Amino acid sequence: MNIPHRLNKIEVGDIFRQYGDAYRKNHKLPLQSLKAMSAIEICRTSALGGHVDECDSCGHSRNSYNSCRNRHCPKCQSLAKERWLEARKKELLPVSYLHGVLTIPFELNPIALINQKEIYDVLFKSGTETLRELGFDPKHLGGEIGIIAILHTWGQNLMDHPHLHCIVPCGGLSEDGKKWLLPRKTTRKKKVFVHVNVVSDLFKKKFLYYFKGLYLTGKIKFVGKIANLGNRQEFEKFCGNLLKKKWITYIKKPFGGPEQVIEYLGRYTHRVAISNERIIKTRKRQSYISLQGLSRRQ
Ligand SMILES: [Zn+2]
Ligand SMILES: [Zn+2]
């Protein structure tokens with residue numbers, strides 16, 4: 001297999017090519033991991049064949065090997081990320097923006113882990129409905145806002161903490177679609193069209209309403225440590241406690257503008273387990289990978 005020449009930078013593909021066989025012999029891996037490994041091993045090598053890139057203006061041409069397009073491949077994902085960032089940035093309007101983060105309380109984490117699709121659907125629905133409804137409310141804005149919403153299911157530390165990032169304009173379109181409406185009053189320092197507590201309260205109520213709906217229609221499973229919630233009384237008590245809590249919500253004008261928030265979110269949406277940039281060096285069957293400024297041997 002031919003591999004294009006690179007200037008001494010080690011990549012995940014190099015490590016897999018070198019140690020992949022030995023690792024697979026000694027470890028039992030799920031099918032999805034095996035597929036990702038073999039895709040990364042042959043990505044942009046002669047094994048996948050090649051194509052010719054030609055410049056439209058000067059006609060200069062270059063031969064390149066084809067890419068694997070696997071969603072876990074660090075090379076393919078960085079290209080997909082650039083495309084995604086470009087498309088999202090094109091959607092931004094030349095107005096000021098807000099960055100909102102709506103988080104569900106940790107008590108819901110074990111339920112979200114077992115019922116991911118259902119809980120994440122409810123999180124999207126209640127989060128976006130909350131912001132749109134408050135936008136439509138003439139007390140706050142009286143117009144249509146539009147939202148880019150992105151789900152985060154776990155952080156760098158691999159702990160589950162589902163939350164929704166929302167990028168919303170601090171203004172909205174009038175009902176007839178002809179006027180750009182600015183907030184009636186901005187909460188003094190933060191310049192947002194609605195106070196964070198109002199968002200938090202409505203989001204909580206909406207989430208619990210849809211969550212109960214899932215329960216009543218038998219769409220969520222309670223197993224293991226949370227099996228007791230299958231009991232109606234226990235479930236009502238659980239929801240009652242969640243209603244009493246203050247849910248952590250954040251809504252602010254982003255420090256560096258909406259582009260920076262999109263850049264930050266893009267890193268997450270197109271993330272791979274280990275990006276090529278994080279590999280420091282390899283030595284005697286060990287790879288050094290940087291983790292948030294620290295380094296760790298793997
Ligand atoms: Zn690839
Ligand atoms: Zn996040």
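What you see is a predicted model, and the numbers here were worked out from it, not measured in a lab. Order of listing sets the numbers, starting from 1, for every ligand and every atom in it. The chain is numbered in sequence order, starting from 1.
Listed for the Y215 side chain is a donor-acceptor partner under 3.5 Å among the backbone atoms of G230. Remark: side-chain polar atoms of T45 are paired, donor with acceptor, to backbone N or O of I42 under 3.5 angstrom.
Relative ring orientation between F238 and F235 is described as tilted, the plane-to-plane angle lying within the 30° to 60° band.
Between E91 and R88 a salt bridge is recorded (basic side-chain N to carboxylate O distance below 4.0 Å). Using a 4.0 Å cut-off between charged nitrogen and carboxylate oxygen, E118 and K219 do not count as a salt-bridge pair. The pair D121-K117 counts as a salt bridge, with a side-chain nitrogen and a carboxylate oxygen less than 4.0 angstrom apart.
Listed by chain and number, the protein N, O or S atoms at a distance under 2.8 Å from the Zn ion (ligand 1) are C43 SG, C68 SG, C73 SG, C76 SG. Around the Zn ion (ligand 2), the protein N, O or S atoms found under 2.8 Å comprise H152 ND1, H163 NE2, H165 NE2.
In the hydrophobic clustering of ILVMFWY residues, with side-chain heavy atoms under 4.5 Å counting as a link, L173 and L131 come out apart. F106 and I111 end up in different hydrophobic clusters when Ile, Leu, Val, Met, Phe, Trp and Tyr side chains are linked at under 4.5 Å.
Taking both residues in full, the closest heavy atoms of T249 and S200 are given as OG1-CB, 3.3 Å, listed atom of the first, atom of the second, then distance.
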